[in-house]
Amino acid sequence: MASVPALVALADPPPRYVDGAAMDYFVIEMVNTLRASTAVATARAKKVEQEMINAGLMPAPAPVPPPLKKDKMRDSLGSNASVGPEGGDEEELRARLEAIGMHVGANMAERLCHDRGLFTDTLDAIKFICKDLWNVCWEKQVDNLRTNHRGVYVLQDNAFKPLTHISGWEGRADALRKAKVYVAMPGGILRGALARLGFQAVVVPEVTNLPQCTFQVKLPKGS
């Protein structure tokens, strides 16, 4: 009988809390670590690809167009994006962050829905994301929810917490470029949570005016 309390605690463990600022610092360090890791992984893959090209096992890639001049690049991108891992590796970095977010979101949705029934209506699932999940992750609810009633939902947060402290020394465009990295994991959290609820969604985060963030959630027809 002594093992019964232990089994109950294992099935429904008590919640553990950490300071909100600690999570912010953790995300910052995680992005920096994954950026460095992605650069190493990409360099390793390019090295293997070059060895295969030299051995005649695969064709050489098409020539890369010449880079833009510095002034033109500043006008079009707002930053020196072709230098360092923040250029070609940025997409891979966002993909890795999204994958981590999906794992986190799935576990959080399972935890929050422990005493709930299954969602049969997509709108109810989206409302759960906008209220319960958003409040747990970012300490507030979504400011605006819109839908076209054909499986597309737009979730808008006017002061999205992960973006409140982002800035760029090169100006607004540089800050927006950095913001796109920091919304990858939240996008994955939403996608993972919906997947655990039984809805396979496409989540597209959009940042046009800091610290506002919009997530477009597309659900397949008939879901």
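The analysis underlying the following values was restricted to heavy atoms, covering all of them including side chains, and did not include hydrogens, waters or symmetry mates. Not measured: the values here are computed from a predicted model.
- The salt bridge (charged side-chain N to carboxylate O under 4.0 Å, His left out) contacts involving residues 114-127 comprise Arg116-Asp132, where partners must be two or more places apart or lie in separate chains.
- With sequence neighbours excluded, no residue forms a salt bridge (charged side-chain N to carboxylate O under 4.0 Å, His left out) with Glu29.
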Under 3.5 Å, which donor-acceptor pairs do the side chains of residues 191-215 form with other protein atoms, sequence neighbours left out?
{"unit_1": "Arg191", "atom_1": "NH1", "unit_2": "Glu98", "atom_2": "OE2", "d": "3.1"}
{"unit_1": "Arg196", "atom_1": "NH1", "unit_2": "Glu110", "atom_2": "OE1", "d": "2.2"}
{"unit_1": "Gln212", "atom_1": "NE2", "unit_2": "Asn158", "atom_2": "OD1", "d": "3.2"}

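- No path of Ile, Leu, Val, Met, Phe, Trp and Tyr side chains, each step under 4.5 Å between heavy atoms, connects Val40 with Ile100, placing them in separate hydrophobic clusters.
- Looking at Lys180 and Glu90, their side chains never come closer than 4.5 Å, going by heavy atoms from C-beta outward.
- Between Val217 and Val154, the closest side-chain pair of non-hydrogen atoms is not below 4.5 Å.
- With salt bridges taken as basic N to acidic carboxylate O contacts below 4.0 Å, none links Lys46 and Glu49.
- Shown here for Trp138 and Pro186, the closest heavy-atom pair between the two residues is CZ2-CB, 3.5 Å.
- Counting only residues at least two apart or on different chains, the side chain to side chain donor-acceptor pair (under 3.5 Å) pairs with a member in residues 141-150 are Lys140-Asp143.
- Between Asn135 and Lys131 the shortest side-chain heavy-atom distance does not fall below 4.5 Å.
- Nearest heavy-atom pair across Cys113 and Phe128 is SG-CZ, 3.5 Å.
- Using a 4.5 Å cut-off on side-chain heavy atoms (C-beta onward), Tyr153 and Thr122 make contact.
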task = Let me see the working for Arg35 and Val181 under side chain to side chain contact (heavy atoms under 4.5 Å, CB included), right down to the final yes or no.
result = CA-CA 10 Å; Arg35 176 174 280 120; Val181 174; 3.9 Å; yes
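- Cluster annotation: Leu34 and Ile28 are assigned to the same hydrophobic cluster (Ile/Leu/Val/Met/Phe/Trp/Tyr, side-chain heavy-atom contacts under 4.5 Å, transitive).
- For the pair Leu155/Cys130, a side-chain contact is recorded, criterion being any heavy-atom separation below 4.5 Å from C-beta on.
- Scanning all heavy atoms of the two residues, the minimum distance from Val142 to Gln156 falls at CG1-O, 3.3 Å.
- Taken to the nearest 0.5 Å, the CG atom of Leu97 stands 4.5 Å off from the CG atom of Leu93.
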request  = Evaluate the criterion side chain to side chain contact (heavy atoms under 4.5 Å, CB included) for residue pair Leu219 and Val152; output intermediate values, then yes/no.
outcome  = CA-CA 6 Å; Leu219 296 173; Val152 178; over 6 Å; no
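- The hydrophobic cluster containing Met58, built from Ile/Leu/Val/Met/Phe/Trp/Tyr side-chain heavy atoms closer than 4.5 Å, also comprises Val48, Met52, Ile53, Leu57.
- Residues in residues 100-109 take part in these side chain to side chain donor-acceptor pair (under 3.5 Å) pairs, two or more places apart or across chains: His103-Asn107.
- For the atom pair Lys178 NZ and Leu163 CG, the distance stands at 13.0 Å (nearest 0.5 Å).
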query = Can you list the steps and then say if Val104 with Met185 is a side chain to side chain contact (heavy atoms under 4.5 Å, CB included)?
reply = CA-CA 9 Å; Val104 173; Met185 183 176 175; 4.1 Å; yes
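- Rounding to the nearest 0.5 angstrom, the gap separating the CD1 atom in Ile129 from the CH2 atom in Trp134 is 8.5 Å.
- Looking at Ile189 and Met102, their side chains never come closer than 4.5 Å, going by heavy atoms from C-beta outward.
- Taking every heavy atom of both residues into account, Glu91 and Arg94 meet most closely at OE1-NH2, 2.8 Å.
- With hydrogens and angles ignored, the 3.5 Å screen pairs a side-chain donor or acceptor of Thr164 with a backbone N or O of Lys161.
- Side chain of Ser37 to backbone of Thr33: no donor-acceptor contact under 3.5 angstrom is found.
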